[in-house]
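Note on naming: letters A, B, ... go to the chains in the order of the sequence lines (proteins, then strands), and numbering restarts at 1 for each one.
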Amino acid sequence: MSGEVNDEIMKEYERIKDKISYEDFLKKMEERKKEYEDVSFMSDLDIARTITGEYIDEKNEALSEGNKPQKISQLTAGHDNVCVIGRIMSVSNVKKFTNRKGNHGKLANMIIADETGQIRVTLWTENVKFLDEVIEGDVVKLNRVEVKQGFRNENNEIQTSRDSKLEKITDGNFEELPKYEEKLTNLADVKGESTVNVVARIIRIPRVRTFDRNGNDGKVMSLEIQDKTGQMQLTLWNNDVGIVEDLKLKEGDSIKVLGAQSRLRNGEVSLTHSWRGRIIKGEFDVPEYDEDILKIGDAHEMKNVTVIGVVCKNYDKITFERNDGSKGQVKSIEMQDETGSIRVTLWNDDADMKLEKGSIIKITGGNIEFDEYSGTDYRINTNWNTKIDEDPEIDDKLRENLQKCGDYIKPVEISTLNEMDDEGDEVDIIGRIISVQDPSEFQRTDGTSGTVRTVEIGDATGVVRTSFWDEKAEKSLNPGDAVKIENARTRFGNYNMELSVGRTSRLMEPSEEETKNLPSLSEIEEKIYKTKHVDELEEGDQNIRLLGRILNVYDPNQFQRSDGTQGIVRTVEIADGTGTVRASFWDEKANLPMKAGDTIKIENPRVNYRDGNIEISISRNTVVTKPKEDETGKLPSLDEIQDMIYKNRKIEDVEEEDRNIKVTGQIVEAYGNKILYEMCPNCNKRVNFSENAYICDICGEEIDEPNYLMIISCVMEDETGTMRATFFRKAAEEFIGMTTDEVRDVIAKTGDEGSLEDKVADMVGQEITIIADASYDEYNEEIRLNAKKVVSLKI
DNA sequence: CCCCCCCC
């Protein structure tokens, strides 16, 4: 301390050095600094002056220094160094404030009155201490004060300053002054628009509400108070909200409120703490507050109830625009106790509360309304003065009961969904996305369009097909993602219970704790997909996995669906050692990079029966991946597969039904006089050139640019016989060593459709190995080979 | 130096 005592403070002490020891002075300085520690207006010198002021005023200086007390009605704005005597009619709470420069200060207001009138007195920071000496009813003499016109009002007010001298007058007869009377009013008797004093107990301290006050933040809080006659709200505005903290007000405290302003609004009377009023915490004679906790099972239409329960459902908040253009938000939860459950509607700031499922909450001051939509018949509507406590203090018995309720609201295992009997039940699940389809648009009966997306979700116990609707369908969803879904609705699917994730469902990211026991994607797949070999495939198989090797990849074909949209389909032959299967890859799956010899893992294909063969269909909900090496270890090589499935046939052994046979022979004849045929792109039938255009006989259309089909025929010979073989498309390209486009260009350039006859004829004498299907040619009454692939070609 | 009104 001594180090901080500068010359000026020392000079202050010099003025009173014969009245107080330096040691005591320093001690007083310390005490007073503590008192003013939250007041940045007060420098150490200011504090020193308050001490000297005390001593010099008390003993030495003349009270008025020639100032004659004036009557209140005669006070004139603009005069300073004024003296006035009056009785204190009210004292306000001390308000802390921060001015524009960021300095902290204190302010209190008194009202003093004499026989001519009354006036407000403001006590600033250094004068607030005066309130330790006086209470309502005391007579005070205020000297060296300034009279000013009040802010934004006509009334004069008295401003005190550091130089002002404020004293309580105890001797003298002040019968002419108005009496101070502290009349208490029962809450039940408070009427609107008056100033009252009440004694009550605080029964609820709700949250501070914030609002926009012309661009500034406004604050408001309404204490719920109660006396033996009734309940009422006591509202604190803005800075006054700090009184709760300053006085350390707690629920259950009894208070006296002086000078509260009553107002009538919407038919209800409430109290507002006013600038002139004072809240005093103390031991006042008001009944203890016994809180009535309503059991949810007893809910009916009623106001101002207190309910304790466990959050059992949680819905996403909804934001909306009010009529005045401001934004509001609302959120629903459902809470449950051992007697039932009830919907709770939370507004605005309350809608931002976390309120996790399973947490215990207490709603104080809610209103129960009938609600036919909630499913719980009633709902608790909260309002701006409802208090929502998370994890309130409750006794162990109740806690135990509520936690038992909480057991039912945990996420369910997916396998248990099939044990459920009803559609429309809401459940929570935690799982991993197994597969996703692309969102697809659909038209509702009311004409609006919606989006739906099928997602498969699995956990350690099973898989559930789930439909995501509209904005939920647009979310980023990827196989392998862990998801938590609250309030998914059950609905019957073709085979199993399915789930629907719509507007009231919540799509969430599960916590680390919640995913601890969730198997990985491959572990789930292992459980749900049954691996089948090609020869085990059966029509209608579901959830199967096929591991194989690509034998042949054909070019993608565009086609038009009946609804006019374009589709792509690509045929791929897949084999595994037990057989080959034709696979159709649709749309975006048709563009997957694939080539003969690649290994491939196909999960969840459709398995169809068509033209006497099993085929598989790979579309949006099929998962196609490249298998890992340990999965393909047992898969034969391409050569081995070809040897296995392409049975060697001598020409004389070829039978009409043979498929995928491998035939080797020498080319003894090859026909190249016409190898390119023009096809209608719509009908895929031959078109003929006539009158300078291609005309399709089938559709009658004139064709701008036909499709070209290459067909080359030859005769093969081995030691057992000869047979005609026809090469179509890709096989023809392999045969001639040119693409269809190249052949078309040559023919177009020369104008002679036989211009490649010599090149084809050059093949004669070569040894060729082909993969082919056999067929019976009715016209020529002989078996022919339809070559699918040229395996080798050598001279 | 504070701001007498204001929030659902």
Discussion item. Going by side chain to side chain donor-acceptor pair (under 3.5 Å), Gln226(A) matches just one of Arg201(A), Arg204(A), Gln231(A). Which one?
Written reply: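 Running side chain to side chain donor-acceptor pair (under 3.5 Å) over Arg201(A), Arg204(A), Gln231(A) with Gln226(A) returns exactly one hit, Gln231(A).
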Fill in: Ion pair Lys387(A)/Asp350(A), N-O distance below 4.0 Å
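Judged by the 4.0 Å cut-off on N to carboxylate O distance, Lys387(A) and Asp350(A) do not form a salt bridge.
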Filtered N/O pairs between nucleotides 1-3 of chain B and protein, under 3.5 Å:
from   : atom 1 : to        : atom 2 : distance (Å)
dC2(B) : O2     : Arg120(A) : NH2    : 3.3
dC2(B) : N3     : Arg120(A) : NH2    : 3.4
dC2(B) : N4     : Gln159(A) : NE2    : 3.4

Worksheet item: Taking for each residue the nucleotide of DNA chain B bearing the nearest heavy atom, is the 5' side occupied by Arg276(A) or by Thr235(A)?
Response: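 With Arg276(A) and Thr235(A) compared, the 5'-side residue is Arg276(A).
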Practice prompt. Give a yes or no on whether Glu193(A) atom CD has more than 12 heavy-atom contacts from other residues, nucleotides or ligands under 6.0 Å away.
Written response: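 Atom CD in Glu193(A) is packed in, count exceeds 12.
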Worksheet, complete the sentence: CG of Asp352(A) to CD of Gln329(A), rounded to nearest 0.5 Å, is 4.5 Å
Worksheet item: With distance as the sole criterion, is a donor-acceptor pair present between the side chains of Glu146(A) and Gln159(A) under 3.5 Å?
Response: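 Absent: no donor and acceptor within the cut-off.
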